[in-house]
There are 2 protein chains.
Amino acid sequence: MTEMNDKLLDAAEAAVRLRGYHAVSFRELADDLGIKSASVHYYYRQKEDLGLALVARYQAHFFKRLDERAAGLSRFEEALAAFIAVYREALVGSDRICLCGMLGAESSGLPPPLAAAVAAFFEANIDWLDKRMPEIWPSATRRGLADSIVASLQGAMMLAASLKDHARFDTIAEELQARFGTL
Amino acid sequence: MTEMNDKLLDAAEAAVRLRGYHAVSFRELADDLGIKSASVHYYYRQKEDLGLALVARYQAHFFKRLDERAAGLSRFEEALAAFIAVYREALVGSDRICLCGMLGAESSGLPPPLAAAVAAFFEANIDWLDKRMPEIWPSATRRGLADSIVASLQGAMMLAASLKDHARFDTIAEELQARFGTL
DNA sequence: GCGCGTCTATCTACCGGAAGATAGAGTAAA
DNA sequence: TTTACTCTATCTTCCGGTAGATAGACGCGC
């Protein structure tokens, strides 16, 4: 919406992806933006509302970039490469793990609606892959492979962030592409 | 050491694995144990000290169970199965993700010594797999495959916890075993 | 065996600060 | 004059952490 709202979401997303939901405060975000914490509450009455907005925007951006990259691609190998590229972009572009990777780990400690939104993000990821997978396998197999791909990439982000080494993500991504790309 | 110390570590591990480091407080742990928060500080002066003790104990238990399961096994396929089983046990036994998976996600928001201990846990995981891998590949390839395995399992735990469905972990684990077990 | 000091484990009481959240006034543009 | 936005000021609750007291168990020299 407004410019300040965008800046607020940017600051909140950066902070949550770096340190987690519970480690981020309204005061800290306000300081980042040069406003007061009461003004942050003007945009989002509760922290939970901010979290939900964050996930909604993240998901929208994620699939927008994904569909841009994957437009016109028909082979699964290419779709997977696009999927991996969007994940990689998220990690390398900001030196942070996926928003939903962070929130997914914290899931049990989040307000239930927020945990549900995060779970929906993952299901949407899996659906996206599933739909582009060759139909030579039964549906359950396809979904299982999609689960594996999402888990690998989320785990790879976490590992690369913890070890402070993006190259680890790339190694895992290449292995993933080699394994599933030729299906 | 003492009985109370064990109970304290048990409560702290359960809480951190469920909701994350920053969402756990001394008072909450004290309430769980029926003591006062000042008594928790008697055992661990700072929260960081508690976190370090938690990781040290977790890592020791993890490798103890791993070595028990893998004792006498020589083929990589079997070692991998043991590795997966210990991960699965951690998830299913407590309905929680790996302590270091949680702390790894939060890594950038943790006291540096704690983040370093978590990173060391992952490196030890990778080393364990690496050493048991057939030497037909160059060292770099082996380490890359070990990275992939750890990332998959950590991601699978997070995904299963977020989606509240342990079967998703099993699906991914089976795919992993099929992928690397026959190497 | 007795008294002395020490150690262990817990308590009460408190500190300064930060958290999420609210009420209501001010301000500036449309 | 209304709307959009930001402020000051404040509340309650919780945080990590500290100080200092206490009660009981242990060991040691006399």
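Computed from a predicted structure; not experimentally measured.
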* To do: Give the rounded distance in Å between these two atoms: NE2 of H22(A) and P of dT13(D).
  => 20 Å
* So F62(A) and F121(A), would you call those rings parallel, tilted or perpendicular, with 30° and 60° as cut-offs? -> perpendicular
What nitrogen or oxygen pairs link the protein and nucleotides 6-9 of chain D at under 3.5 Å?
from: dT6(D); atom 1: OP2; to: Y43(A); atom 2: OH; distance (Å): 2.5
from: dC7(D); atom 1: OP2; to: K36(A); atom 2: N; distance (Å): 2.8
from: dC7(D); atom 1: OP2; to: S39(A); atom 2: OG; distance (Å): 2.9

* Name the nucleic acid region contacted by V24(A), choosing base, sugar-phosphate or nothing; use a 4.0 angstrom heavy-atom cut-off, strictly under. => sugar-phosphate
Without placing hydrogens or testing angles, list every side-chain donor-acceptor pair under 3.5 Å for residues 66-73 of chain B, not counting sequence neighbours.
from: D67(B); atom 1: OD1; to: W128(B); atom 2: NE1; distance (Å): 3.1
from: R69(B); atom 1: NH2; to: E89(B); atom 2: OE1; distance (Å): 3.1

* Asked: Any ion pair linking E123(B) and R168(A) (charged N to carboxylate O, less than 4.0 Å)?
  -> yes
* Asked: Roughly, in whole Å, what's the span from NZ in K47(A) to P in dC14(D)?
  -> 15 Å
* Within this structure, what is the NE2-to-P distance between H41(A) and dA23(C), rounded to whole angstrom? -> 12 Å
* When the distance from OH of Y44(A) to C1' of dA21(C) is rounded to whole Å, what number comes out? -> 17 Å
* Which part of the nucleic acid, if any, lies within contact of R27(A), taking any heavy atom under 4.0 Å across all strands shown: a base, the sugar-phosphate backbone alone, or nothing? -> base
* Asked: Taking OP1 and OP2 of dC15(D), is either one under 4.0 Å from a side-chain nitrogen or oxygen of S25(B)?
  -> yes
* Do Y58(A) and F63(A) have ring centroids that are under 6.0 Å from one another? -> no
* Figure out the CG/C1' separation between D49(B) and dG16(D), and round it to whole Å. => 12 Å
* Asked: How long is the line joining CZ of F26(A) and P of dA21(C), in whole Å?
  -> 5 Å
* To do: Return the value, rounded to whole Å, for the distance between atom CG of L29(A) and atom C1' of dG20(C).
  => 12 Å
* Asked: Taking atom C1' of dC11(C) as reference, at what distance in whole Å does atom CG of L33(B) sit?
  -> 15 Å
* Could you state the interatomic distance from OG (S94(A)) to CG (L18(A)), rounded to the nearest 0.5 Å? -> 9.0 Å
* Can you list the residues that meet the side chain to side chain donor-acceptor pair (under 3.5 Å) rule with R132(A), with sequence neighbours excluded? -> none
* **Note: R179(A)-E175(B) ion pair, threshold 4.0 Å (strictly below)** => yes
